[in-house]
Number of protein chains: 2
Amino acid sequence: MNGKSTTTRTKLERGRSALGPALELVHTGRAPTRAVLTSELGVTRATAGAVAAELEALGLIKVDSSPGSAAGSQGRPSHRLSVLDSGPVALAAQVHSDGFRAALVGLGGRIVATAPGCVAVMADPAQVLGEVVEAGAQLLRESGLRCVGSGLAVPSAVAEPEGTALNPLHIAWPAGAPVREVFSACVRAAGIAGPAFTANDVNLAALAEHRHGAGRGAQHLLCVATGHRGVGGALVLDGRLHSGSSGLALEVGHLTVNPEGRPCHCGGRGCLDVETDPLAFLVAARREPGPEESLLKQSGDLLRTEYGDPDVRAAAEELIDRLGLGLAGLVNILNPDRIILGGLHRDLLEADPERLRAVVADRSLWGRSGSVPILSCTLDHNSLVGAAELAWQPVLDDPLAALA
Amino acid sequence: MNGKSTTTRTKLERGRSALGPALELVHTGRAPTRAVLTSELGVTRATAGAVAAELEALGLIKVDSSPGSAAGSQGRPSHRLSVLDSGPVALAAQVHSDGFRAALVGLGGRIVATAPGCVAVMADPAQVLGEVVEAGAQLLRESGLRCVGSGLAVPSAVAEPEGTALNPLHIAWPAGAPVREVFSACVRAAGIAGPAFTANDVNLAALAEHRHGAGRGAQHLLCVATGHRGVGGALVLDGRLHSGSSGLALEVGHLTVNPEGRPCHCGGRGCLDVETDPLAFLVAARREPGPEESLLKQSGDLLRTEYGDPDVRAAAEELIDRLGLGLAGLVNILNPDRIILGGLHRDLLEADPERLRAVVADRSLWGRSGSVPILSCTLDHNSLVGAAELAWQPVLDDPLAALA
DNA sequence: GCAGTTTGTTTACTTGCGGCACAAAGTGAG
DNA sequence: CTCACTTTGTGCCGCAAGTAAACAAACTGC
C-alpha cells in the first residue's frame with residue numbers, strides 16, 4: 001500500500017481523465033446516449049462530447065448521430081452510443097474438465113468469435129494452454145482484429161500474487177501449477193499483443209455477470225456456482241472483484257452445511273463442495289452418474305425433465321436446503337444485496353425458487369439481510385466473458401495509455 | 001447507483017483536488033514531512049507545498065520549518081508536518097453496558113478531552129443519548145474548540161440506511177431503536193455544529209485501528225472483539241469500512257464453533273457469541289461471574305494473574321480453540337491479510353499466541369491464508385476514536401467544502 | 001570552505017473542464 | 001404549416017490545478 005510511489009505521473013502519460021469512466025459506462029451499457037453519458041459522468045455537455053469524440057477516434061465506440069428510432073420524448077434526440085463492432089477484441093480462454101475453449105470478446109462483453117471446446121489430454125498445463133492459445137491466435141488471424149490482451153479462466157483457486165493454481169482437482173493438473181506464468185509465456189510465444197491475465201473461473205463469471213448480466217447494478221454481489229464437480233464462490237464489491245489478500249477469498253466449497261454429511265477431501269464432513277454439487281445430486285436422486293465431464297448436464301436435465309419423480313424431487317429439496325444453509329451463512333457474514341447462482345445451483349433455484357429463498361431467509365439472522373434477491377446467472381459463457389474483462393480492464397482504466 | 005445525478009459539480013464547489021488525500025496522509029501519520037507528502041501524493045514539490053500551505057491556512061495542520069532534530073540523512077531537511085494541537089475536533093460518544101463516554105478527538109486520532117463514563121439508567125435511548133451529548137457539549141464549551149461533527153458508537157448492529165439498532169441486547173434498549181435519528185436530534189438540540197453519525201462499536205474500533213493502530217497498512221483487515229457480553233466483527237477493505245449492503249456484514253457472533261455447545265438466543269447452538277465471550281470464560285474457569293458491567297475486566301484479570309491455575313488455563317485453551325475455529329472460518333471466506341483482536345479475545349491471544357495461531361493455521365484450507373498475522377488492538381478507546389473518524393470523514397474527503 | 005544532495009520556492013505554461021451563448025433537432029398545439 | 005417549447009450538441013472564453021524548469025536554501029561529508 002505504501003512505499004513511496006516513485007512513479008511521478010507526468011502530464012504526458014495521462015489522458016483525459018474522464019475517458020476511462022466514460023468508456024466503462026458505454027461498455028456496461030449504462031450510457032446508451034450522449035446525454036446520459038453527460039449526466040452519469042457529472043460533467044458538462046461540452047466535455048462529454050469531447051470525450052465521446054475521442055473514444056470514437058480511438059476506434060472503441062460508435063456515435064450514431066442519426067438515431068432513427070428515437071426515444072419518443074421531447075427535445076432534440078441524443079446521439080446514440082454503442083461499442084464498435086469492428087473494434088479491438090480481447091482473447092479469452094477457459095479450461096474446464098470437459099476441455100477448453102477460446103474466444104474473442106469485444107467491448108460490452110460481445111463474443112465475436114469462438115473456437116469450440118475440444119476434449120484433450122489434460123495432464124500437462126503447458127500443453128493444454130499452448131493449444132488453447134493457438135486456437136485463440138487462429139481466431140485472431142481469421143478475424144484480423146486488434147487484440148488488447150488475454151485472459152484465462154481456470155477451475156481452481158489462483159494464489160496471488162504468483163498466479164499458481166492451488167486446487168485444480170477436477171482437471172488433472174498438479175497443485176501449485178504456475179498457470180499465470182505458463183499462460184503468459186504461451187501468449188507471448190504466439191505473438192499475441194497485450195498483457196495476459198489468469199484468474200479463477202467463478203470469480204470471472206461473477207465479474208462478467210456484474211457488468212453485463214444478472215448482477216448489473218448490484219453493489220455487493222455474491223455469486224455461487226458449481227461446475228461438474230465442486231462449488232465456487234465470488235464477491236464483487238462496488239464493481240471490483242474481491243478476491244482477498246492472496247486470491248483465496250470466497251473459496252466457499254468447504255463451508256459445513258451438514259455436520260453428519262459425507263466426508264470431504266478437505267478433512268471435514270458435509271462440506272458444500274460434496275453436498276451440493278452435481279455428483280451429490282445424482283447420488284441423492286439414486287441415478288447412475290455418467291462420465292465426469294457431463295455430470296452438470298446430466299443433473300440439470302434430470303431436474304428439468306423429471307422433477308415429478310419422487311426421488312428427483314426429494315434430492316432437489318435436500319440439496320436446496322443444504323445450499324440455502326450455506327448461502328445463509330455467507331449472507332450473515334457478507335450481507336450482499338444480490339446473490340446469483342450458476343451451474344447446478346441455478347437449476348436448483350429454478351426448480352423451486354420459493355423453497356431456496358425461504359431457507360435462506362429462515363437461516364439468516366436478520367430478516368433484512370435474508371430477503372436478498374437470489375437470481376440465476378444470465379450470460380452464456382460468463383467465465384469466458386469475465387476472462388476478457390480482465391484483459392479489457394487496462395483499457396477501461398486508461399484508454400489512451402493502454403492503446404498507445 | 002444510477003439515476004442521473006442531477007448535481008453537476010460546479011467549479012466553485014471543488015477545492016484543490018489533492019487537498020483531501022493530503023490531509024488523510026497527515027491524519028494517518030503517513031506523511032511526517034513535506035517531502036514524503038510530495039512522493040505519496042505523486043505530485044510535484046510545488047503542488048505539495050501549495051497544498052500543505054492551504055491546509056495550514058485552514059487551521060488543520062502545522063508546518064514546522066525549523067526541524068531541530070533532523071533525520072540525519074543528506075540534503076536539506078524537510079519541513080515536518082503534524083496535526084494542529086489547537087485545531088478543530090470531532091465529538092465522539094460511546095454507549096456500552098457499563099455506561100457512556102464522551103470525548104473530543106482531533107485529527108490523527110488524538111483524544112483531546114474526555115468525560116468519564118457514568119453508569120446511568122439505560123432504559124431510554126433518548127435520555128441516555130441526551131446525557132452523553134450534553135457531556136460532550138460541556139467539553140466543547142470548556143475547550144472552546146471548533147467542532148466538525150459528531151459520531152456515536154453503539155454495541156449493536158446498526159441497520160442501513162435507517163440507522164436503527166437491531167440488537168442492543170446488552171444495554172436495555174428496544175430492538176429497532178432509531179439511534180441515529182435520536183442521536184442526530186440530540187446533537188442538533190445541543191447546538192453542536194456539523195453532521196452526526198452512528199455506527200456499530202466494533203466496526204468503529206476496526207476503523208480506528210486501521211488508521212491509527214495495529215491495523216495500519218493492512219489492505220484487508222479483519223477485526224474481532226468482545227465487550228462484556230457477545231462478540232462483534234468488522235472488516236476494513238482498502239481503508240474503507242465494509243459493512244455490507246444494509247450494515248449487517250460481519251455480524252460474526254453466530255458462527256457455529258461448537259456443534260454440541262450451549263444454546264444461543266439466536267436459536268442455534270455453540271455460537272461464537274456464547275462460546276468465547278467473557279461470561280463463557282468465567283463459567284469455563286469455574287469462577288463466579290461478577291456484575292455484567294465488569295465481566296470483561298474480571299476475565300481479563302483472571303487470565304493475566306492466574307494463568308497458572310489449571311482451571312483458568314483449561315478454560316483459556318478451550319476458548320482459544322473455539323475462537324480459532326471461528327477465525328479460520330472467516331479466513332476461508334474473507335482471506336484477510338491481518339487480524340486484530342479486542343476485548344477478551346485480545347487477552348486470549350496474549351495468553352497463548354502460539355496456540356491461537358496454530359489453530360487458525362490448522363483449520364484454514366490454504367496454508368497461505370492461514371498464516372495471516374494475528375495482533376492485539378493497540379488503541380485506547382478505539383471505538384471512540386472510530387466514532388470521531390466518521391465525523392472527520394467529510395473533512396478528509398473535501399476539507400474546503402466541509403469547513404466552509 | 002566547497003562539492004554534493006535533497007528540499008523549498010518562484011515563474012511561466014499547459015490543459016482539463018466549467019460557464020455561457022447559440023445552433024440544431026425533435027414534439028405538440030393551433 | 002408554423003410557432004412555441006424542450007432537450008441536446010458545439011464553439012468560445014476563462015479559470016485554476018498542477019507540471020516543468022530554473023533557482024535558492026539548508027544540511028552532510030570531505
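All values below were derived from every heavy atom in this structure, side-chain atoms included, with hydrogens, water molecules and symmetry-related copies excluded.
You'll find that the side chain of B/Q74 is closest to C/dT5, out of C/dT9, C/dT5, D/dC27. Nearest nucleotide to the side chain of B/S78, out of D/dT19, C/dG8, C/dG26: C/dG8. When each of D/dT19, D/dT8, C/dT7 is scored by its nearest atom to the side-chain atoms of B/A46, the top-ranked nucleotide is D/dT19.
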Open item on the list: Between B/R30 and B/E40, is the salt bridge (charged side-chain N to carboxylate O under 4.0 Å, His left out) condition met? List the steps.
Closed with: CA-CA 8 Å; B/R30 282 177 294 164; B/E40 286 291 313; 5.3 Å; no
TODO: Apply salt bridge (charged side-chain N to carboxylate O under 4.0 Å, His left out) to A/R180 and A/E160, showing your working.
DONE: CA-CA 10 Å; A/R180 177 171 299 155; A/E160 300 292 343; 2.9 Å; yes
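Heavy-atom minimum distance, A/F197 versus A/P394: CZ-CG, 4.0 Å.
We find that CG of A/L41 is positioned 16 Å from C1' of D/dT8, with the value rounded to whole Å. Taking atom CZ of residue B/R80 and atom P of nucleotide C/dT6, one finds them 18 Å apart after rounding to whole Å. For B/D64 and C/dT7, the CG to P distance is 17 Å, given to the nearest whole Å. Put simply, CG on A/L19 is 15 Å from C1' on C/dT15, counting in whole angstrom units. One interatomic measurement links the two molecules: CG of B/L37 to P of C/dT9, which rounds to 13 Å at whole-angstrom precision.
Distances shorter than 4.0 Å separate none of the side-chain N or O atoms of B/S65 from OP1 or OP2 on C/dG8.
For B/H212 and B/H27, the ring centers sit closer than 6.0 Å to each other.
Toward the 5' end of DNA chain C, the nearer of the two residues B/R34 and A/R45, judged by each one's closest nucleotide, is B/R34. Take the nearest nucleotide of DNA chain C for A/T47 and for B/G75: the residue whose nucleotide is more 5' is B/G75.
For a distance-only test at 3.5 Å, the side chain of B/R76 fails to qualify as a donor-acceptor partner of the base of C/dT6.
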